[in-house]
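Per chain, numbering begins at 1; letters A, B, ... match sequence-line order.
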Amino acid sequence: MPAVKKHRIVDAITLDSIMSKLSDSKRTDDRGLLDYRKIEIETNILKDKTNGSAKVKIGDTEVWAGIKVETANPFPDTPAEGVMTCNAEMLPISSQYVEPGPPDEDTIELSRVSDRGIRESGMIDVSELCIKEGELVYSVYIDVAVINEDGNLFDAVAYAGTTALLQADMSKFTIENDEVKMLEEREKLPIKSLPISTTFAKIGDKIIIDPNADEQEIATARLTLVTDENGKYVSAQKGKPGGFTFEELKEISVISKEKGEEIRKMIKEAVNNGA
Amino acid sequence: MPAVKKHRIVDAITLDSIMSKLSDSKRTDDRGLLDYRKIEIETNILKDKTNGSAKVKIGDTEVWAGIKVETANPFPDTPAEGVMTCNAEMLPISSQYVEPGPPDEDTIELSRVSDRGIRESGMIDVSELCIKEGELVYSVYIDVAVINEDGNLFDAVAYAGTTALLQADMSKFTIENDEVKMLEEREKLPIKSLPISTTFAKIGDKIIIDPNADEQEIATARLTLVTDENGKYVSAQKGKPGGFTFEELKEISVISKEKGEEIRKMIKEAVNNGA
Amino acid sequence: MPAVKKHRIVDAITLDSIMSKLSDSKRTDDRGLLDYRKIEIETNILKDKTNGSAKVKIGDTEVWAGIKVETANPFPDTPAEGVMTCNAEMLPISSQYVEPGPPDEDTIELSRVSDRGIRESGMIDVSELCIKEGELVYSVYIDVAVINEDGNLFDAVAYAGTTALLQADMSKFTIENDEVKMLEEREKLPIKSLPISTTFAKIGDKIIIDPNADEQEIATARLTLVTDENGKYVSAQKGKPGGFTFEELKEISVISKEKGEEIRKMIKEAVNNGA
Amino acid sequence: MSENNIERISGRAPDELRNVSIKAGVIKNADGSALIEFGKNKIIAAVFGPKEVHPKHMMVSNRAIIKCRYHMMPFSTDTRKRPNLSRREIEISKVIREAVQPAILMENYPRTAIEIYVEILQSDGGSRCAAINAVSTALADAGINMRDLIAACAAGKANGQVVLDVDDQEDKTGEADMPIAMLPNMDLITLFQLDGNLSKEEFDKALELAKIGCNKLYNLQKDALSEKYFNENNKKEDEE
Amino acid sequence: MSENNIERISGRAPDELRNVSIKAGVIKNADGSALIEFGKNKIIAAVFGPKEVHPKHMMVSNRAIIKCRYHMMPFSTDTRKRPNLSRREIEISKVIREAVQPAILMENYPRTAIEIYVEILQSDGGSRCAAINAVSTALADAGINMRDLIAACAAGKANGQVVLDVDDQEDKTGEADMPIAMLPNMDLITLFQLDGNLSKEEFDKALELAKIGCNKLYNLQKDALSEKYFNENNKKEDEE
Amino acid sequence: MSENNIERISGRAPDELRNVSIKAGVIKNADGSALIEFGKNKIIAAVFGPKEVHPKHMMVSNRAIIKCRYHMMPFSTDTRKRPNLSRREIEISKVIREAVQPAILMENYPRTAIEIYVEILQSDGGSRCAAINAVSTALADAGINMRDLIAACAAGKANGQVVLDVDDQEDKTGEADMPIAMLPNMDLITLFQLDGNLSKEEFDKALELAKIGCNKLYNLQKDALSEKYFNENNKKEDEE
């Protein structure tokens, strides 16, 4: 049964340091409340076995994403639509707090929130992932590995997954005499939008962005908000056993859009530079 | 490995009270050794998502049953027969002794005995559950949830499952030009018999019917015996690490038929009133 | 996670006895360092439900193998090849150190090494296990049960599996008007070679063959080497957290071939006598 | 809500809830329980505890721990659900636990566990919000010390219009769903999710609508609790 | 059984068992064991214990606990059985344990576990009854203190006739199967199951037939145990 | 290797390794780590410990216990790999653990656990050997006391020729693959597997070739470790 699990231990000195800095509206690494750590994005890092890949670092948090595009039978109720699956995995190399084994509730939440961000934004047009209606469609797997954990996995996983999708390509198929044939050519995935995730945390009455692992641990509440290229809100998830006021939510919704635009530029640039 | 598990704790006062009453051939609620508690049956309680449903209370024991009729491929060795599955689930809301998680051996036994009672009695004519031989058949799921546990689940689950089956209906299909088409009309399931389960327990040398949770816990042996409308014995299961004498078994077999007829009337009445 | 598990306990007296005998180049049962215990092979012991079967005893180690030949769809990438699966199971009756439940890493290794020995030697010609290309092939299951455990399971499982394969037969099929039909006749499996497994252990600086359970437990390293009828090495597996020198490996490779030829004769004789 | 609104499929006004009924104390063996009918949702929540912690290593010395399981019966959905817990059920179990935990005075019950079980017997849109209202009522029914009740309700967008409490049918063509839980007296939003597509203006409007819905649910919970209390006292008087 | 009976497929008389042989002490590493061949059934039962209890929390202070696993090898059935324990195997493990437990003087072994393992190497009709006879012999072979041996046999109905010990082939067209286990000296039926269709008269007759069968199995168990004892003593004498 | 050799698909000489690069200290949160690129293999190994043992009953009083998990990412293979640990991964986890354990001075760390994690991010032929070199480097990077580094490399047979370090492409038509791990200074082979078909002469030649390969890998590990040490000291000086 999903339940309380062992959590990261934040020692008293770290706790004091975070709190005293916050009272000056600063973070332990001296960034502001609403500043991201340094974001580094690299594409095509696993070029031999994937259709697309990306490495993203946010501070000391590091994740790798790989895209596999395979073919599959469509689901009976959506015969003309391809399939998309996003899955995040916490590797035990990433932290002493991660145990190997089947995903715990935190990892399941991480996977499902990442999946929804991509799905609900309509980033991939699944109707263009149909090869032969009712028979064969593309199946796009987005797998993201957490390599080193220092907080804000929701954003890191989202950035790596979407960057890898932007970089990916796939085989082209044609239908001749009712038979599916694979062509030599390759094509890009049918990308329609680039959703950007932004994650906030609440410590005391302060709202911060991009929490590191210690901040995340002591925060009472976390909020991930995803916006698309048209400035629409497409997905959100509150986490941790605490809450936000209505005013805080409205404030966060404004900042999320601003930060989202900055990061969207960074990702596009990284993909263009890598290509 | 199936093994001894934690059991209900019956305190000394309850135990004394049960035993002293039994020595007067009475139960703690003053009913006789061979009296059922009050049985309440209600049909069509989950009308929006099931094909049939029923709630059964025997004293404080409460179970809910829902029928889902879906279509499936037949098994290769029975191409002209539909499929029937009966499954009981112990919800953790039903008792402090129930843990959430995969079914333990007691729950597996409960499911399998309920399933056999319906199956062996020929209650459902599976040959009439064929839509198109070798291709499409009806698949009838009988799922029963234990909502509150106070003993005699074998009977409660059986009554709820069979009552819901009697009340259920399903889509009608026709075959036009070798293609299966669903019709607007609905029809009743092909019910041929109404098996009735009766459950006995042995405490000391007394045989009682419809044991409550405390009686069941202290009993040395339990026997569930199922009879059909023609007075035939169709299914039986002894439980608990003790035994019955031959004489006791013969005595039980007589009572089971009598009680079965009474309860069969109650169920039919409840279904007719509900329709 | 695969990890250290509870191991057999070898008491001090047994340990002393093994070591003092070894210093005289003898074993506790007075055989030489490179002598097998008595090997007993019996075929066709489960004739009512299997396609072939064998019982093998090496000293007090006893295993039973049963072959089931069924039909299945071929794998998409090998449409004209049959399927072969070898699986070993440690029954809890075989030793107080075996727990019932899913296979642990030792049992998985045992299964996989047995499987590879048969597979890599080309013992079964999978291309002759095709009934109808792309549609129907034979699926050969080799299941081996460990009944009593006294060391050297790698060899015992291999001998029982290969002996049962040699003894097995299967239904014959023909294709008439594009339809598969089963014939009355039966035929032998397409056997091309008889690989023989030999297992060595290292205690101190002594290399012994066919270790019993106590010897195996105190050994620092184990080596299973499989040779085919042409004297080729087809499979090997080192086990236990220790090692061999290059010289020891070369020495073992010579002995393995010699012993393999002896045991190959024994198996062939047992199969001929049994038929 | 006096604007010129488009008619909803259900015929409801934009700020109108489906029919809701809550009944406290429905499970005899539980320490607290409630049955909620919310549109076509039929959900029972039950609470056990404070009780001993198993396994022991999960015990916390200065407060209770909260366990929560959200579970759908196989017959609760349009197509039969397989009995094992899905990833969706595991996630919802987590967000429900995190939504109700801030209301519980956990420090009053050190070294104990409070177990919350949600059983979906019939599902409709908004089952997680419906469930939270049942859980809140069941916690109060169990006599667990609480800072506030937890009220939950979703707002969303259907047919181009921001509306309260999207149901199953609206959801099929719906553009957004935003479930919210809050502690009304503390102005604290403890569950917040969104799937769909909302402009900034719609986002703010949906928030306001959801707040209205939560307040209604808050009152329905209080009614259910006082009805049970009243009935019990009546019974006791009758017995005296 | 002097009535005018219909011939059985097997050619057996209505009250005739299949061929049965029992051998005690077949597994060197077990504390007790037996191999039974019962028609085409080939089954080994082995007993370990009394031994330490794992996990510890299952220990009972004033008696032994009994564990039992009934398991079929993949090659034991007509179609290969998948290796993992099926629901059927779990149920049969339970009914076997509950059938033999009343015979064991558990209070003689406080704080210990007695483990019973049944391995079906070749299956035929009536494998659970065959298994119980093997378990009983293995328990005695292990020197576990017992009130009585447990004898098991099924009666049933095939071809319209009540008969003893229905086999695989009869079962395919059989109308009923009623496996029974009993402690013969205590007139106690400790396993009782039924699937099929029996009138009251047939039910009583099947009970009587099963009793006859159990008595035969009881004697076969005793023979197996004394044969092993005799052989061992002979061996010892030879060695002396 | 001056014989008249057949050309390899890769263009490599028979005793030529693929391109290998090793980098120590790539995972900040681990006690030791290394990234190896070996042909197309991309593998990270990380070491945690010596640390507390969980569960406690696995603790050994006079030495450390070693845990090891070899795991492939779903995107690391030609066809997407399902996320759960396969039987192949379980076996390789075991042989890697048994290959590196003899190098670790386990008795220096009584009552602790040393955890080794191998993550295959991109796979090619010989991933288990590549992994062992990364593990060895990571163990040294973690400061674990060792008797020797563990070097690993496969030899095999492809196109009728005994060659060093068979890659994915050669393996498809390859006749044999023989992965080896050794403690070079102790002349001890601690991993040894073979699949394929080798004559006695080929077997001996493959052994010799693998030894040559292991020695190269041994030096590459040392280079990686000294580079990291050198860089860290440089950084420290810069900071002073």
Side-chain angles (χ1 to χ4, degrees), chain A residues 6 8 44-55 57 59-72 85-103 107-108 111 139-151 160-161 164 168 212-213, chain F residues 25-35 37-49 51-52 54-55 67-85 89-90 93 113 115-125 127 134-135 138 142 167-169:
Chain A
K6 281 233 169 163
R8 186 183 184 85
N44 208 15
I45 52 158
L46 296 163
K47 61 184 195 307
D48 290 307
K49 305 271 168 173
T50 69
N51 293 68
S53 56
K55 182 202 291 191
K57 293 174 85 167
D60 284 329
T61 286
E62 178 176 343
V63 305
W64 293 30
I67 309 292
K68 299 288 276 186
V69 184
E70 307 194 337
T71 57
T85 312
C86 180
N87 196 52
E89 219 169 316
M90 297 294 301
L91 302 187
I93 62 172
S94 68
S95 161
Q96 57 166 310
Y97 299 103
V98 175
E99 296 279 324
T107 308
I108 287 171
S111 284
S139 176
V140 177
Y141 291 100
I142 307 155
D143 285 292
V144 187
V146 177
I147 300 283
N148 197 67
E149 210 273 283
D150 190 18
N212 69 23
Chain F
V26 296
I27 302 292
K28 199 174 173 181
N29 287 342
D31 294 313
S33 61
L35 166 67
E37 306 198 33
F38 197 126
K40 288 181 285 188
N41 284 301
K42 238 178 229 205
I43 299 171
I44 295 180
V47 171
F48 291 82
K51 52 181 280 196
E52 247 188 289
H54 286 292
K67 296 183 184 187
C68 176
R69 190 182 84 143
Y70 166 99
H71 172 250
M72 306 185 88
M73 278 305 294
F75 51 65
S76 67
T77 48
D78 283 326
T79 305
R80 180 179 185 264
K81 197 201 147 284
R82 310 189 75 237
N84 44 333
L85 224 56
E89 285 167 294
I90 292 171
S93 297
E115 292 175 3
I116 298 166
Y117 298 106
V118 173
E119 298 293 343
I120 310 295
L121 294 159
Q122 189 166 275
S123 73
D124 194 0
S127 74
V135 169
D167 62 35
D168 237 9
Q169 222 178 343

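For chain A, the nearby parts of K28(F) are the backbone and the side chain; heavy atoms of each come within less than 4.5 Å. The contact between N87(A) and chain F is made entirely by side chain atoms (from C-beta outward), counting heavy-atom distances below 4.5 Å. With a threshold of 4.5 angstrom between heavy atoms, S33(F) does not approach chain A through any atom at all. If you measure heavy-atom distances from E70(A) to chain F, the contacts under 4.5 Å come from the side chain alone. For E149(A), the parts lying near chain F are the backbone and the side chain together; criterion is any non-hydrogen pair under 4.5 Å. Only the side chain of K68(A) has a heavy atom closer than 4.5 Å to any heavy atom of chain F. When heavy atoms are compared at a cutoff of 4.5 Å, S53(A) does not approach chain F at all. The contact between D78(F) and chain A is made by backbone and side chain atoms together, counting heavy-atom distances below 4.5 Å.
Distance check: K42(F) NZ to W64(A) CH2 gives 5.5 Å after rounding to the nearest 0.5 Å. Rounding to the nearest 0.5 Å gives a distance of 7.0 Å between CZ of F75(F) and CG of D143(A). Atom OG of S76(F) and atom CG of D48(A) lie 12.0 Å apart (nearest 0.5 Å). A distance of 9.0 Å separates CD1 of I45(A) from CD of Q122(F), quoted to the nearest 0.5 Å. To the nearest 0.5 Å, atoms NZ (K55(A)) and CG (L121(F)) are separated by 10.0 Å.
Closest heavy-atom contact between R80(F) and Y141(A): CD-CG, 3.1 Å.
No other option in P83(F), S123(F), G49(F) has as many heavy-atom pairs under 4.5 Å with chain A as S123(F). When each of L91(A), D150(A), T50(A) is checked for heavy-atom pairs under 4.5 Å with chain F, L91(A) comes out on top. Looking only at heavy-atom pairs under 4.5 Å with chain A, the residue among V118(F), N84(F), T79(F) that has the most is T79(F). No other option in I67(A), N51(A), I93(A) has as many heavy-atom pairs under 4.5 Å with chain F as I93(A).
Among H71(F), R69(F), E115(F), the single residue meeting the side-chain contact (heavy atoms from CB on, under 4.5 Å) criterion with P92(A) is R69(F).
No donor-acceptor distance shorter than 3.5 angstrom exists from the side chain of K40(F) to the backbone of L46(A), with no hydrogens or angles considered. Using modelled atom types, no side-chain atom of N29(F) and backbone atom of N148(A) make a donor-acceptor pair closer than 3.5 Å.
Around the NZ atom of K51(F), the shell of radius 6.0 Å holds more than 12 heavy atoms that belong to other residues, nucleotides or ligands.
Looking at K49(A) and D168(F), their side chains come closer than 4.5 Å, going by heavy atoms from C-beta outward.
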Please lay out, stage by stage, how D31(F) and Q96(A) fare under the test side chain to side chain contact (heavy atoms under 4.5 Å, CB included).
CA-CA 9 Å; D31(F) 294 313; Q96(A) 57 166 310; over 6 Å; no
